[in-house]
Amino acid sequence: AEKSARYSSSTGATLQSIVDSLRSGSVNQVMIVSGAGVSCSAGIPDFRTPGSGFSRDDLSIRYDNLHKFNLPYPEAIFDVDFYAKDPMPFVTLAKEIWPGVKYKPTLTHCFFSLLNKKGLLQRVYTQNIDGLEAVAGVNPDKLVECHGHFRSASCISCRSVYDAELCKTNMVEKGEAPSCSVCGGIVKPDITFFGEVMPQRFAQLIHDDCASTDLVIVLGTSLMVAPVANIPDWVPNGCTRLLVNRDVVGTFRIDNVNDVILQGDCDEGVRELCRLLGWEDELDMIFYGL
Ligand code: CNA
C-alpha cells in the first residue's frame with residue numbers, strides 16, 4: 001500500500017494539532033464525509049480509479065457478469081432512466097454488494113466506529129451504499145446514508161413501497177428486478193440514483209451538523225457528486241478540515257491554514273492518525289474482531 005505522502009506544512013492546522021485537540025477533548029464533534037474509496041480495500045471498486053473502477057474494461061475485470069452489459073458510461077449503473085430500460089447491470093451489481101452477503105468493513109470503517117465508541121463522532125455522511133459503516137458498528141443515529149440503502153425498496157414509477165426482503169430474494173437469488181404489484185413498474189432498493197431525490201435525513205441534519213462540527217474528515221471521495229461534495233465548504237470558517245485521500249480533491253489546498261492533507265491510502269492514513277493518538281490497538285481490535 002502507498003504510504004501517506006503529505007502533511008500540511010502550513011502554520012495553521014497540522015496532523016499533530018488535530019491529534020492534540022482530539023486527545024484533550026477540545027474537539028469532540030467530528031464529522032466524517034466519505035465515499036467509494038473507503039470501501040476499495042474491502043474489494044468493492046470505486047468509480048474512477050483506473051484499473052479498478054466502473055469503466056467497461058474495469059468492470060469486466062472485477063465482475064464476471066457485468067462486462068456483457070455494455071454500460072454507455074460508468075454512472076449509467078445508477079441512472080434511473082437507464083434502469084427503467086435495462087435493470088440488469090444494477091441488479092448484477094446489487095447481487096454483489098448487497099450488505100451482509102459478501103464484503104467486510106475496512107480499517108477506515110472501523111475508525112468511524114472507534115470515534116463513535118469514544119463519543120467523538122458527530123455524524124458520518126457517506127455516499128456509499130454498501131452498508132459497511134453499520135456493519136463496523138457505527139450507530140444508526142450517527143449515520144447518514146446520503147445515497148440511500150438496501151433496507152427498503154419501492155417502485156420507480158408509482159413509488160409504492162415494496163417488501164425489501166422480497167426485493168432481496170428477487171435480486172440476489174433469482175437475479176431479476178421485481179415488478180410493482182400496484183402498477184407493474186420496476187422496483188429497486190431505495191438507493192438514490194442520479195435524477196432522484198436524496199433521503200430526507202440528509203436535509204434534516206446537514207445544516208445544524210455543519211454549524212456545530214469542530215473537525216471534518218473527508219476520506220475516499222472524489223468530491224464530484226453534489227450536494228455531498230459541498231459539505232466541506234459548509235463548515236464554519238476556521239474549522240479544521242482533514243483530507244485522507246489518494247487525490248487532493250474539492251477545495252482542499254495544502255496551503256489553506258485550516259486544511260491538513262494525508263495524501264494516499266485511507267487505511268494507511270487512518271492507521272497513522274490512530275498511532276499518533278495511541279488508539280492503534282483499539283482500532284485493530286474492532287477490525288480483527290468483526
Ligand atoms: P469516486 O468518484 O469513485 O471517488 C473515489 C475517490 O477515492 C477518488 O478520489 C480516489 O482517488 C479515492 N480512493 C480510491 N481508493 C482509495 C483508497 N484506498 N484510499 C484513499 N482514497 C482512495 O467515488 P465517490 O464516492 O466520490 O463518488 C460518489 C458515488 C460513487 C456515490 O454516489 C457512490 O454511491 C458511488 N459508489 C459507491 C460504492 C460503494 O457503495 N462502495 C462503490 C462505487 C461507487
Side-chain angles (χ1 to χ4, degrees), residues 1-6 32-55 58-59 62-63 66 71 73-80 83 89-90 92-109 111-112 124-136 143-150 188-199 202 217-232 242-250 252 261-273:
E2 271 174 69
K3 192 86 191 111
S4 305
R6 274 207 283 181
I32 300 287
V33 178
S34 68
V38 306
S39 294
C40 284
S41 67
I44 305 173
D46 67 3
F47 267 170
R48 284 168 248 268
T49 300
S52 68
F54 272 54
S55 76
D58 294 343
L59 281 173
R62 299 292 316 185
Y63 298 123
L66 268 176
L71 285 173
Y73 51 98
E75 289 88 350
I77 204 159
F78 297 126
D79 183 306
V80 74
Y83 184 74
F90 177 76
T92 309
L93 177 71
K95 230 177 125 156
E96 275 281 325
I97 66 171
W98 206 289
V101 172
K102 189 167 169 186
Y103 295 104
K104 283 186 67 179
T106 65
L107 204 68
T108 301
H109 295 109
F111 171 62
F112 306 164
V124 176
Y125 284 87
T126 182
Q127 298 165 89
N128 293 347
I129 52 168
D130 52 39
L132 292 177
E133 301 83 5
V135 180
L143 189 58
V144 181
E145 292 160 304
C146 304
H147 296 162
H149 53 71
F150 285 90
K188 72 165 180 58
D190 290 335
I191 302 299
T192 313
F193 279 22
F194 295 106
E196 289 190 310
V197 180
M198 288 168 76
F202 178 84
I217 309 182
V218 177
L219 312 98
T221 171
S222 60
L223 290 180
M224 284 180 29
V225 181
V228 175
N230 302 317
I231 297 177
L242 170 61
L243 175 70
V244 189
N245 208 49
R246 286 199 181 139
D247 310 306
V248 178
V249 294
F252 279 89
I261 299 175
L262 275 179
Q263 192 173 0
D265 182 288
C266 55
D267 291 343
E268 296 266 330
V270 155
R271 180 171 289 287
E272 169 75 348
L273 179 59

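None of the values given here were measured: they were computed from a predicted structure. Side chains are part of it too, since the values below use all heavy atoms of this structure and drop only hydrogens, waters and symmetry mates. Every number for a ligand or one of its atoms is a count from 1 in the order of the listing.
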Exercise. By ring-ring contact (aromatic ring centres under 6.0 Å, His included), which residues pair with F150, not counting sequence neighbours?
Worked result: W98
Exercise. For F202, which residues count as a ring-ring contact (aromatic ring centres under 6.0 Å, His included) partner, sequence neighbours excluded?
Worked result: Y125
Exercise. Among T221, V218, L223, whose heavy atom sits nearest atom 6 (C) of ligand 1?
Worked result: T221
Exercise. In terms of atom number and element, which parts of ligand 1 are under 4.0 angstrom from non-hydrogen atoms of D130?
Worked result: 39 (C), 40 (O), 41 (N)
For this session: Identify, by atom number and element, the atoms of ligand 1 in contact range of V225, meaning under 4.0 Å from any of its heavy atoms.
Result: 28 (C)
Exercise. Of the options T106, D130, T126, which is the one that meets S39 in a side-chain hydrogen bond (donor to acceptor under 3.5 Å, both in side chains)?
Worked result: D130
Exercise. Do the side chain of N128 and the main chain of A36 share a donor and acceptor less than 3.5 angstrom apart?
Worked result: yes
Seminar exercise, completed: What one should report as the nearest heavy-atom pair of V124 and S34 is CG1-OG, 4.3 Å
Seminar exercise, completed: All heavy atoms of I129 vs all of P99, minimum pair found to be O-CG, 4.3 Å
Problem set entry | Side chain N245, main chain T221, donor-acceptor under 3.5 Å | yes
Exercise. N/O to N/O below 3.5 Å, does that happen between A36 and ligand 1?
Worked result: yes
Exercise. Between G35 and ligand 1, is there a nitrogen or oxygen pair with a distance under 3.5 Å?
Worked result: no
For this session: Test the K188-F90 pair against the cation-pi criterion, namely NZ or CZ under 6.0 angstrom from the six-membered ring centroid and within 45° of the ring axis.
Result: no
For this session: Please state whether H147 comes within less than 4.0 angstrom of ligand 1, counting heavy atoms only.
Result: yes
Exercise. Taking the non-hydrogen atoms of G264, is any one of them nearer than 4.0 angstrom to ligand 1?
Worked result: yes
Exercise. Hey, is C40 touching ligand 1 through its side chain, its backbone, both or neither, going by heavy atoms under 4.0 Å?
Worked result: side chain
Seminar exercise, completed: The atoms of ligand 1 lying under 4.0 Å from a heavy atom of S222, numbered in the order shown, are 1 (P), 2 (O), 4 (O), 5 (C), 6 (C), 9 (O), 26 (O)
Exercise. Quick one: does G220 get within less than 4.0 Å of ligand 1, heavy atoms only?
Worked result: yes
Exercise. Are any of the N or O atoms of I129 closer than 3.5 Å to those of ligand 1?
Worked result: yes
Problem set entry | Side chain, backbone, both or neither: S39 near ligand 1, heavy atoms under 4.0 Å | side chain
For this session: Would you indicate which of M224, Q263, Q127 comes nearest to atom 33 (C) of ligand 1 when only heavy atoms are counted?
Result: Q127
Exercise. Quick one: does D247's side chain have a donor or acceptor within less than 3.5 Å of a partner on V249's backbone?
Worked result: no
